[in-house]
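Reviewing the structure listed below.
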Amino acid sequence: MKKYLILTGAGISAESGIKTFRDSGGLWENHDVQQVASPQGFQEDPKLVWQFYKDRFNQSLAAEPNTAHYALKKLEDHLQDHFHLITQNVDGLHSRAGNERVIEMHGSLSNAFCSSCRASYRLADLDLSCDIPSCEKCGNSLRPDIVWFGEIPYSLYEIEQLLKECDVFMVIGTSGSVYPAAGFVMTAKLFGAHTVAVNLDRPDNLGFIDELHQGKCTQMLPALVDKILSK
Ligand code: APR
Ligand code: ZN
């Protein structure tokens with residue numbers, strides 16, 4: 001059985017009603033991306049940044065996984081250990097669709113951690129009525145557990161191993177413009193994987209894609225998964 005490795009981005013959640021980043025001209029839900037997605041932005045205005053992520057958290061809870069998320073659940077059910085999913089998304093929709101082998105490389109809207117002692121918290125357990133939630137252990141400010149610009153994504157070592165081992169690497173709903181994730185397709189291809197993209201627009205790293213399925217995730221992915229399962 002072939003080993004499949006999937007990388008998803010904002011495009012897969014677009015049809016669940018969650019806005020992508022670059023499609024709205026550098027604005028993310030009407031905010032300057034740097035202001036709400038960088039350590040400097042958080043330092044300058046933690047209240048605004050927290051409000052932004054509380055809103056995103058509530059938005060993600062109100063959203064539902066779509067047929068593209070469920071297609072990946074179906075693929076994992078079939079492939080089991082031969083399936084791994086890396087997501088740049090922080091909305092939790094892959095887990096809510098039932099996928100288990102998920103690496104959230106850019107963190108999660110559901111979590112926060114202490115900037116000082118690094119204790120971690122679930123947003124569901126915090127009192128979100130205060131402007132800036134604080135750490136029960138040391139009293140310092142908590143921050144959203146989101147990998148911001150200039151920070152190092154999670155699980156890079158594990159991801160590198162998976163990129164080297166996979167037979168098929170699929171990138172779904174991602175512009176291919178934010179590194180290091182945008183470079184994964186190159187690594188996978190150099191190590192011999194067949195590379196597939198499912199995306200509305202042509203991704204920036206198209207040069208490393210063997211097979212492009214251009215269109216909406218919900219229209220392309222269920223059929224593509226059925227084709228893989230029928231092999
Ligand atoms: N189906 C398929 N693709 C879609 C759909 C859809 N319904 N809607 C949008 N897309 C595609 C767009 O064509 C675009 O290429 O999804 C891509 C989304 O690109 P970005 O907005 O750049 O999102 P992403 O690639 O996930 O961004 C990467 O950047 O801001 C950071 O950390 C943040 O994880 C994020 C990272
Ligand atoms: Zn603390």
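All ligand and atom numbering here is 1-based and tracks the order in the structure. Numbering starts at 1 and runs along the sequence shown.
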request  = Given side-chain hydrogen bond (donor to acceptor under 3.5 Å, both in side chains), test D55 with Q51 step by step and report yes or no.
outcome  = CA-CA 6 Å; D55 291 345; Q51 190 53 52; 3.0 Å; yes
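The parts of T174 lying near ligand 1 are both backbone and side chain, judged by heavy-atom distances below 4.0 Å.
Checking only distances, L200 does come within under 3.5 Å of ligand 1, N or O to N or O. By the 3.5 Å distance cut-off applied to N or O atoms, K216 is not counted among the residues near ligand 1. Polar contact check, A14 against ligand 1: no nitrogen or oxygen pair lies under 3.5 Å apart.
Contact check on K3 versus D167 returns no salt bridge, with no Lys/Arg side-chain nitrogen under 4.0 Å from an Asp/Glu carboxylate oxygen. Salt-bridge check for R101 with D81: passed, with a basic side-chain N closer than 4.0 Å to an acidic carboxylate O. Between R56 and D91 there is no salt bridge, since none of the side-chain N atoms of the basic residue sits less than 4.0 Å from a carboxylate O of the acidic one.
Here the side chains of S13 and H69 are in contact, with some heavy-atom distance below 4.5 Å.
The environment of CD in E136 is sparse: at most 12 heavy-atom neighbours from other residues, nucleotides or ligands sit within 6.0 Å.
With respect to atom 20 (P) of ligand 1, the closest heavy atom belonging to the protein is S175 OG, 3.6 Å. Atom 31 (C) of ligand 1 has R22 NH2, 3.3 Å as its closest protein atom, hydrogens excluded (heavy atom only). Atom 35 (C) of ligand 1 has as its closest protein heavy atom F21 CE1, 3.3 Å. Distance from atom 5 (C) of ligand 1 to its nearest protein heavy atom, with residue and atom name: G11 O, 3.5 Å. Looking from atom 9 (C) of ligand 1 to the surrounding protein, the closest heavy atom is D23 OD2, 3.5 Å. The shortest contact between atom 34 (O) of ligand 1 and any protein heavy atom is with H106 ND1, 2.9 Å. From the protein, the heavy atom lying nearest to atom 12 (C) of ligand 1 is D201 OD2, 3.5 Å. Protein heavy atom in closest approach to atom 7 (N) of ligand 1: E15 OE2, 2.8 Å.
With hydrogens and angles left out, the side-chain atoms of N66 and T218 include no donor and acceptor closer than 3.5 Å.
Here H82 and Y4 keep their ring centres 6.0 angstrom or further from each other.
Of the candidates P153, G173, C217, G9, it is G173 that places a heavy atom closest to atom 18 (C) of ligand 1.
Ligand 1 lies within reach of F149, whose nearest heavy atom is under 4.0 Å from it. The shortest heavy-atom distance from N199 to ligand 1 is under 4.0 Å.
Screening V185, L7, T187 against L163 for a side chain to side chain contact (heavy atoms under 4.5 Å, CB included) leaves a single residue, T187.
Because its NZ or CZ atom is both nearer than 6.0 Å to the ring centre of W148 and within 45° of the ring axis, R143 counts as a cation-pi partner of that residue.
No donor-acceptor pair under 3.5 Å is formed between the side chain of Y70 and the backbone N or O of G98.
Here the Zn ion (ligand 2) is the vertex; the SG atom in C135 and the SG atom in C138 give an angle of 110° (to 10°).
Every atom of ligand 1 with a heavy atom of G215 under 4.0 Å away is listed here by number and element: 1 (N), 2 (C).
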